[in-house]
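Comments concern the structure below.
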Protein chains: 2
Amino acid sequence: MERLLMAKKKKVPKITINRLSLYYRQLEMLEAEGENIISSERLASMTQINPAQVRKDLGYFGEFGIRGVGYEIGPLKEQLKRILCVNRIWRMSLVGVGNLGSALLRHQGFYIRGFHFVVAFDSDPEKIGMEVVPGIRIYHVDRINEEIKKFDVQIGVIATPADVSQYVADLLIEADVNAILNFSPVHIQVPDCCLVENVDFTVKLDILTYKVSQQIYGKRDRR
Amino acid sequence: MERLLMAKKKKVPKITINRLSLYYRQLEMLEAEGENIISSERLASMTQINPAQVRKDLGYFGEFGIRGVGYEIGPLKEQLKRILCVNRIWRMSLVGVGNLGSALLRHQGFYIRGFHFVVAFDSDPEKIGMEVVPGIRIYHVDRINEEIKKFDVQIGVIATPADVSQYVADLLIEADVNAILNFSPVHIQVPDCCLVENVDFTVKLDILTYKVSQQIYGKRDRR
DNA sequence: CATTGTGAACTCATTCACAGCG
DNA sequence: CGCTGTGAATGAGTTCACAATG
């Protein structure tokens with residue numbers, strides 16, 4: 001078993017993974033700019049995180065730095081790729097080819113990072129058989145089980161209206177997809193074996209409006 | 001000053017606001033189903049949160065429950081609306097009318113909740129003057145300052161490519177927009193007076209792939 | 001000698017457990 | 001009697017501060 005991928009001893013906080021993803025993205029940008037070395041201090045300031053936090057986050061997975069110098073950008077980036085398991089291609093399916101779904105299918109950012117849509121599903125008869133994006137055909141949701149296995153999908157992306165997202169999630173799980181990225185505004189119920197991440201922009205808007213109201217009425221709590 | 005909007009005494013954790021938004025959404029659904037009363041226990045199980053957590057979250061803002069009974073759904077929903085400051089219309093502008101931007105403009109969920117797009121901006125000459133959605137005209141980003149004031153925009157939504165999002169954020173701040181919902185995959189730098197929430201789906205995918213790899217190699221850490 | 005790596009101290013968040021009350 | 005509201009106990013995550021070291 002690949003031991004280096006695992007955390008050293010202590011449990012890795014969930015939020016650490018979140019931050020590793022941010023570090024990774026920053027390193028990609030730095031590498032593109034031709035940089036070679038970065039200190040925890042600078043990486044921290046770029047991601048608006050405490051330098052000790054950066055070092056601790058990395059420390060869960062190994063010793064990647066050079067004392068007195070910093071971190072080599074290329075190698076550190078590769079380590080993060082391995083830790084996050086993004087040093088490979090992931091095949092994804094989309095369910096719900098509406099406004100948002102179509103935009104996700106066309107979104108270049110996914111492809112570049114190795115997240116490839118290979119098939120899409122919808123319940124609208126008008127859309128069945130269409131290719132919103134060349135190469136990605138839309139099937140009826142009834143065929144999820146069948147096609148997901150055919151296309152060897154690992155990640156299901158849900159972009160349906162709220163009222164059917166649970167139904168769709170059940171179909172995906174039935175088809176052995178155990179990783180779901182859920183854009184619908186409801187928390188779906190899944191068995192323990194299935195992983196779900198929610199992308200919930202209405203919640204983000206609510207947080208914004210709450211904070212705006214605090215700015216107006218209250219003393220600002222700065223950070 | 002509206003005193004009820006403020007927290008009672010202790011500082012409200014950021015995550016509490018996140019959860020309040022989830023409770024609010026759940027209450028909307030329950031109300032639509034004709035329910036009248038809910039216990040912290042049931043609201044908790046629906047949102048996958050601990051019941052004491054639910055009560056504590058609400059407790060920061062007042063006493064909304066009836067001991068021995070639970071919470072009246074309608075009134076509690078109204079309280080949450082006031083706390084989150086979503087009992088009004090918020091005018092938003094979109095910057096970056098690409099795949100994702102267009103989908104956001106068309107997204108019904110925003111409108112229903114009182115988040116109204118009133119104007120959009122892009123740098124592509126082809127798009128200037130178009131109305132992707134009836135009533136919402138696209139202006140050149142150079143006119144952000146001017147039009148934002150004309151339309152009295154309170155929230156700026158950034159859906160541009162990463163390389164221009166900081167530039168666009170600066171323009172919004174210049175135009176006195178101090179609340180930004182950022183869909184671009186970079187953390188933008190803003191002054192203290194400006195609030196930013198990031199919607200970052202690549203990070204969510206990275207978290208998923210990390211967890212999937214843990215499922216395969218490690219012992220599952222369940223929750 | 002600048003910067004990493006990390007135990008220890010601290011701060012913040014969650015959960016428990018029960019008093020308070022309708 | 002049942003469920004809320006909340007102080008107290010626990011747990012998790014962050015930051016400090018400094019020893020270790022290339």
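Per chain, numbering begins at 1; letters A, B, ... match sequence-line order.
The 5' end of DNA chain D is approached more closely, in terms of each residue's nearest nucleotide, by B/Gly65 than by the other of B/Gly65 and A/Asp57.
In this structure, A/Arg91 contributes its side chain and A/Asp152 its backbone to a donor-acceptor pair below 3.5 Å. Although no hydrogens or angles enter the test, the distance criterion places a donor-acceptor pair under 3.5 Å between the side chain of A/Arg25 and the main chain of B/Pro185.
Looking only at side-chain heavy atoms (C-beta outward), B/Glu197 and A/Phe201 stay at 4.5 Å or farther from each other. Residues A/Tyr210 and A/Leu208 fail the side-chain proximity criterion, which asks for heavy atoms closer than 4.5 Å.
Using a 4.0 Å cut-off between a side-chain N of Lys or Arg and a carboxylate O of Asp or Glu, B/Arg113 and A/Asp206 qualify as a salt bridge. Salt bridge B/Arg42/B/Glu35: present, at least one basic N to carboxylate O contact under 4.0 Å.
Distance, A/Phe64 CZ to D/dT21 P: 18 Å, rounded to whole Å. Spacing between atom CD1 of B/Ile37 and atom P of D/dG2 amounts to 17 Å, rounded to whole angstrom units. If you measure from atom CD1 of B/Ile15 to atom P of C/dC12, you get 12 Å, rounded to the nearest angstrom. One interatomic measurement links the two molecules: CG of A/Leu20 to C1' of D/dG13, which rounds to 14 Å at whole-angstrom precision. We find that CG of A/Leu76 is positioned 14 Å from C1' of C/dT3, with the value rounded to whole Å. Taking atom CG of residue A/Asn50 and atom P of nucleotide C/dC10, one finds them 16 Å apart after rounding to whole Å. As a whole-Å value, the separation of A/Tyr23 OH from C/dT4 P is 12 Å. The interatomic distance linking B/Gln53 (CD) with C/dA13 (C1') rounds to 7 Å, in whole Å.
Heavy-atom neighbours of A/Gln166 CD from other residues, nucleotides or ligands within 6.0 Å: above the threshold of 12.
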Grab the N/O contacts between the protein and nucleotides 18-22 of chain C below 3.5 Å, and write none if there aren't any.
from	atom 1	to	atom 2	distance (Å)
C/dG20	N3	B/Arg67	NH1	3.1

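Taking both residues in full, the closest heavy atoms of A/Ser21 and A/Leu84 are given as CA-CD1, 3.9 Å, listed atom of the first, atom of the second, then distance.
A/Arg42 comes within 4.0 angstrom of no nucleic acid atom, judged by non-hydrogen atoms across all strands. In this structure, A/Leu58 reaches neither bases nor backbone, as no heavy-atom distance under 4.0 Å exists between it and the strands shown.
At the phosphate of C/dG7, neither OP1 nor OP2 sits under 4.0 Å from any side-chain N or O atom of A/Lys56. For B/Tyr71 and D/dG2, the shortest distance from a side-chain N or O to OP1 or OP2 is not below 4.0 Å. Side-chain N/O atoms of A/Tyr60 include none lying less than 4.0 angstrom from OP1 or OP2 on D/dT14. Within the 4.0 Å cut-off from OP1 or OP2 of C/dT3, not a single side-chain nitrogen or oxygen of A/Ser39 is found.
In this structure, A/Tyr111 has its ring center at least 6.0 angstrom away from the ring center of A/Phe117.
The stretch residues 27-34 of chain A has no heavy atom under 4.0 angstrom from DNA chain C at all.
At a cut-off of 3.5 Å, with distance as the only test, a side-chain donor of B/Gln215 or A/Asn178 sits close to an acceptor on the other residue.
Side-chain atoms of B/Glu63 lie closest to D/dG5 of the nucleotides D/dG5, D/dG13, C/dT14.
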